[in-house]
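Just below is one structure, and these are the notes that go with it.
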Amino acid sequence: MLLFFAERIRFIRSEILNISQKEFAQQTKTHQPIFSRIELGKSSGATDVILNIINFLYSKGIDAKCLFDPLYDIHLLKPEISQLSIDEIIKIQMDAKADLTKALRKMELIEKYLEKINTSQ
């Protein structure tokens with residue numbers, strides 16, 4: 001659980017908020033070395049530090065649930081994704097599924113062709 005939390009914090013800090021450890025530590029009233037240990041999974045942080053992190057994320061519109069719930073897809077927090085409508089997200093998923101289906105069909109054809117070659121030898 002500690003590494004899960006650490007990975008989530010690191011992803012949100014670097015990929016979503018796009019700030020340094022030092023900036024994040026300042027915003028959460030934490031010393032940077034302590035925050036570094038949290039991100040490395042070497043420390044869970046004191047309760048007051050965790051509460052400061054949660055409050056800071058909340059101030060940025062990020063629900064604390066994303067830190068603890070393994071079913072929460074934190075990639076959806078990325079601005080380029082979070083600003084899409086449900087219809088746009090569904091279209092992207094459908095396009096990806098269609099591309100995958102085409103690729104699987106091509107793989108099946110290649111496998112059949114290779115099987116045919118192998119049996120004829």
Side-chain angles (χ1 to χ4, degrees):
M1 183 67 172
L2 192 58
L3 283 176
F4 174 82
F5 180 74
E7 290 169 1
R8 294 273 169 136
I9 288 285
R10 185 173 40 256
F11 181 84
I12 291 168
R13 178 192 57 77
S14 63
E15 300 293 323
I16 307 302
L17 299 173
N18 197 25
I19 60 175
S20 68
Q21 278 188 350
K22 183 178 180 180
E23 290 173 285
F24 197 99
Q26 288 171 343
Q27 292 293 325
T28 57
K29 301 171 184 86
T30 308
H31 296 288
Q32 190 273 329
I34 293 171
F35 186 73
S36 177
R37 289 183 52 76
I38 292 170
E39 273 198 359
L40 291 171
K42 294 182 178 180
S43 171
S44 61
T47 304
D48 62 326
V49 172
I50 300 303
L51 289 175
N52 287 344
I53 290 171
I54 290 169
N55 287 330
F56 173 66
L57 293 179
Y58 182 76
S59 76
K60 297 294 184 183
I62 299 173
D63 189 341
K65 181 179 181 179
C66 70
L67 295 174
F68 306 103
D69 185 353
L71 299 178
Y72 191 102
D73 186 355
I74 59 174
H75 294 88
L76 295 176
L77 294 172
K78 286 190 164 188
E80 62 269 19
I81 295 174
S82 65
Q83 293 174 0
L84 295 175
S85 70
I86 297 295
D87 291 338
E88 290 170 316
I89 292 171
I90 291 170
K91 182 179 179 336
I92 291 169
Q93 287 178 324
M94 296 301 286
D95 290 347
K97 186 176 179 181
D99 291 343
L100 182 58
T101 302
K102 287 178 190 175
L104 288 172
R105 284 188 188 137
K106 287 179 182 178
M107 286 178 60
E108 287 173 358
L109 290 173
I110 291 169
E111 286 174 0
K112 286 180 183 179
Y113 177 74
L114 292 173
E115 190 176 293
K116 188 177 182 179
I117 291 172
N118 288 335
T119 56
S120 66
Q121 292 178 350

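All residue numbers refer to positions in the sequence shown, counting from 1.
With hydrogens and angles ignored, the 3.5 Å screen pairs a side-chain donor or acceptor of T119 with a backbone N or O of E115.
Under the 30°/60° scheme for interplanar angles, the aromatic rings of F24 and F56 are found to stand perpendicular.
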For side-chain contact (heavy atoms from CB on, under 4.5 Å), just list the numbers for L67 and I12, CA-CA rounded to whole Å, side-chain angles, deciding distance to a tenth of an Å, and then say yes or no. CA-CA 9 Å; L67 295 174; I12 291 168; 3.8 Å; yes

Apply the test side-chain contact (heavy atoms from CB on, under 4.5 Å) to residues R10 and E7: give CA-CA distance (whole Å), side-chain angles for both, the deciding distance (0.1 Å), then the verdict. CA-CA 5 Å; R10 185 173 40 256; E7 290 169 1; 3.5 Å; yes

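Rounded to the nearest 0.5 Å, atoms CG (L114) and CG (L109) are 11.0 Å apart. One finds the NE2 atom of H31 at 14.0 Å from the CZ atom of R37 (value rounded to the nearest 0.5 Å). The CD1 atom of I38 sits 7.5 Å away from the OG1 atom of T28 when rounded to the nearest 0.5 Å. Q27 contributes atom CD, which lies 11.0 Å from atom CG of L57 (distance to the nearest 0.5 angstrom). Taken to the nearest 0.5 Å, the CG atom of L51 stands 11.5 Å off from the NZ atom of K29. Atom CG of residue L100 and atom NZ of residue K97 lie 9.5 Å apart, to the nearest 0.5 angstrom.
Taking both residues in full, the closest heavy atoms of R13 and I19 are given as NH1-O, 2.8 Å, listed atom of the first, atom of the second, then distance. Residues L40 and A6 approach most closely at C-CB, 4.3 Å, considering heavy atoms. The two residues Q21 and S36 come nearest to each other via the heavy atoms OE1-CB, 3.5 Å.
Hydrophobic clustering of Ile, Leu, Val, Met, Phe, Trp and Tyr side chains at less than 4.5 Å, counting indirect connections, unites F68 with V49.
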